[in-house]
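Naming: A, B, ... by sequence-line order, numbering from 1 per chain.
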There are 2 protein chains.
Amino acid sequence: MWQRLIDIQKSIVPDILSHMLKRLDILSCIETEQPIGRRTLARQLGMTERVLRREVEDLSQLNLIKVDAKGISISENGREALKEVEPFLTLIESRNDLAAQLKKQYPLKDIFVVRGDADQNAMVKDELTRLMAEELMKNLFKGAVVSVAGGSTMASVSKFLRPKHDNLLFVPARGGLGEDVAFQANSIVSHLAEATSGEHRMLYAPDSISKASLESLKEEPMVKEIIDLNSRSSMVIHGIGDALQMARRRNVTQEVMSKLDAANAVGETFGFYFDAEGNIVHKVKTIGLQLEDLENKTSIFAVAGGDSKKEAVKAYLKLAPQNTILFTDEAVAQHLLG
Amino acid sequence: MWQRLIDIQKSIVPDILSHMLKRLDILSCIETEQPIGRRTLARQLGMTERVLRREVEDLSQLNLIKVDAKGISISENGREALKEVEPFLTLIESRNDLAAQLKKQYPLKDIFVVRGDADQNAMVKDELTRLMAEELMKNLFKGAVVSVAGGSTMASVSKFLRPKHDNLLFVPARGGLGEDVAFQANSIVSHLAEATSGEHRMLYAPDSISKASLESLKEEPMVKEIIDLNSRSSMVIHGIGDALQMARRRNVTQEVMSKLDAANAVGETFGFYFDAEGNIVHKVKTIGLQLEDLENKTSIFAVAGGDSKKEAVKAYLKLAPQNTILFTDEAVAQHLLG
DNA sequence: CCTCCTGGGACGCAAAACGTCTCGCCGTGA
DNA sequence: TCACGGCGAGACGTTTTGCGTCCCAGGAGG
């Protein structure tokens, strides 16, 4: 809703928004280095003295900074503005620079980096899913089939989708991972279908099930359809989670927990747990999309952000197919580059 | 929450909003007059050709308008931006011009006019209460006593108050008007007290009560305290409602309804119904603030907006004391001036 | 046909922006 | 106490931008 306001500002007065970011940059530099002189500051920010001087004059007139014989320092208003604007930055400017650096290092189809840390600012997570939803909509075509994984991140995607393309079909990537209902792929596909005026299929596969029953379940027509749809779907959207965190959230058995622990699992995505090297160390026994299926998808939209997921994402990139499109945040991106 | 973003933008780059509004003005003019030439447009908007030309060049580069041999016309993007930004305008710019005009006509302490129509855009109502809360906070002092009326508008005031002053005391202006619980003065004062870390008093006066019981109730110490506090409180905050709408919401008896109807009641405020000339035509029999008490208050904050309340507000101004501060919207203001 | 309105181009003046240098001030450290 | 380095502020000449104004070719409508 409110994101629209910023979008409109971007489209009507883009230069002023960038001007605002520039001033914020100056402001935050002043905050850390205060008191600091004009020349030193100009050198540090990579601008000429005169240009910065104008900005300083303006900022001083706006009572955001104080300037005296000792140098420039930030005022109470300035500090407050800087602090309060911080959460919004993620909505205003994404870190395309970091994305470009990442692209050189990782051979993915595309990479998007959003400002901030999803763990500390809820808006970052929303912005991630919003971006993903936007890109997804660009890639959708009439009759497209989309495999959808579960998780808290995926659950908010439907907020940002609008009906636009016809005959879309959303299928749960895998069933029965032990999530809360709201985070289950089944719930999510129904929301996605509703948001886009498309259709969806459900997959009813119990959480814990014997190998034998699983095999017989696979012969059920409705289940077979899901497996088939997943193997020929053209897109996949999924999140990436921290291994132990996900395991805990899903209340896995002590046995599995020890197994994950022993294998040094760091990440998880739609039921597959992997270690820091990208080796699959555990698969949740259930029905649906397999890793091999990923190769022939048009696009795989992977979303994950927040400091707590940085190891998981790094590891995931070692097993991610080249048709992956990654959506992440600054916190993770820094770690991937560092 | 989000209003803060706009505030910050105002404080860091004040140009952003004025420039944006200017462009929106141009855009909306183009939309209605298209296709239109530069010169004609410039004359109409009261700016010189060259200045408008620059704007047109920019807007055209931003794909918000199309310009060809026939003249300037709005593009799909432009139309969309114009439409989507409309609800936000109320937050960006208030109609100080209308307020100034109103001040000439009505001898009130102060008048604030917010853009838009509260009936059609929920944000307008929020902005009204936000503005009121802000002004209220400016006027508060240590130990201030504030009489608070009920109603849906007052119920949202607490959202915009922050703890700042000490020992504030909020008292319900009048009790037992028949509102929903959430809109009762009793609930509202408790929220206000919580928001400001202040205190509050409750007034337990039943809705329908015989005259005799009412008189004996007035002798109760707790009730007496409320009456006393209301008579010596320094500020009052209240909304203004349409008479019949309020009567319906409060489920008044058929008898009262006919009385209001016969007397041509148009407005209501904290239990007093009045006609178009500002004569009180009905008083809800309950305990608390009396109209005579208003005279010696420091400030009376009256909030009302939306086309449906325009008659009520107009009538109210005929009985409002000079220490009233009115917060209203464009829809009402236009009617007051016209 | 003419006429009116259209966008675009051009020209010259004024103001604003800018790079650069200088000066006097003040705090710090020798 | 004195010298020095960093500070803001002022100044000045150059460059850039913005602006007002006029003109021109083209197209639509009468």
Chemist: Could you tell me whether a side-chain N or O of Asn121(A) sits under 3.5 Å from a main-chain N or O of Pro87(A), the two making a donor and an acceptor?
Modeler: yes

Chemist: Would you be so kind as to tabulate the donor-acceptor pairs closer than 3.5 Å made by side chains of residues 63-72 of chain B, with sequence neighbours excluded?
Modeler:
from, atom 1, to, atom 2, distance (Å)
Asp68(B), OD1, Lys70(B), N, 3.0
Asp68(B), OD1, Gly71(B), N, 3.3

Chemist: Test: side-chain hydrogen bond (donor to acceptor under 3.5 Å, both in side chains). Region: residues 77-99 of chain B. Which pairs qualify, not counting sequence neighbours?
Modeler: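 Listed once each, the pairs are Arg4(A)-Glu84(B), Glu93(B)-Arg115(B), Ser94(B)-Asn96(B), Arg95(B)-Asp97(B), Arg95(B)-Glu330(B).
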
Chemist: Earliest and latest nucleotide of DNA chain D, 5' to 3', sitting under 4.0 Å from a non-hydrogen atom of chain B?
Modeler: dG18(D) to dC23(D)

Chemist: I need the Phe327(B) CZ to Glu134(B) CD distance, nearest 0.5 Å.
Modeler: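 So the CZ of Phe327(B) and the CD of Glu134(B) are separated by 9.5 Å.
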
Chemist: Atom pairs under 3.5 Å, N or O on each side, protein against nucleotides 18-21 of chain C: can you list them with distances?
Modeler:
from, atom 1, to, atom 2, distance (Å)
dG19(C), OP2, Thr48(A), OG1, 2.3
dG19(C), O6, Arg50(A), NE, 3.4

Chemist: Taking side chain to side chain contact (heavy atoms under 4.5 Å, CB included) as the criterion, tell me which of Leu131(B), Asp126(B), Val332(B), Thr328(B) meets it with Val114(B).
Modeler: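 Of the listed options, the one satisfying the test is Leu131(B).
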
Chemist: So, Thr324(B) and Lys109(B): side-chain donor and acceptor under 3.5 Å apart, yes or no?
Modeler: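 Short answer, no.
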
Chemist: Using the rule side chain to side chain contact (heavy atoms under 4.5 Å, CB included), only one of Ile30(A), Val51(A), Asp25(A) pairs with Leu45(A); which is it?
Modeler: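 Exactly one candidate clears the test, Asp25(A).
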
Chemist: Do any of residues 23-30 of chain A sit with a heavy atom less than 4.0 Å from DNA chain C, and if so which?
Modeler: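 By residue number: none to list.
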
Chemist: Quick check against the 3.5 Å criterion: does Asp307(B) have a side-chain atom that pairs as donor or acceptor with the backbone of Ala331(B)?
Modeler: no

Chemist: Just by distance, do the side chain of Thr196(B) and the backbone of Leu192(B) share a donor-acceptor pair under 3.5 Å?
Modeler: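 Present.
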
Chemist: Roughly how far apart are Leu98(B) CG and Gln334(B) CD, rounded to 0.5 Å?
Modeler: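 One gets 5.0 Å once the value is rounded to the nearest 0.5 Å.
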
Chemist: By the definition side chain to side chain contact (heavy atoms under 4.5 Å, CB included), identify the one residue from Leu326(A), Ile325(A), Asp329(A) that meets it with Phe112(A).
Modeler: Ile325(A)

Chemist: Rounded to whole angstrom units, what separation is found between the CD atom of Glu55(B) and the C1' atom of dG7(C)?
Modeler: 17 Å

Chemist: Regarding Asp119(A) and Ser308(A), is there a side-chain donor-to-acceptor distance under 3.5 Å anywhere?
Modeler: yes

Chemist: Near DNA chain C, which residues from residues 59-78 of chain A have a heavy atom under 4.0 Å away?
Modeler: none

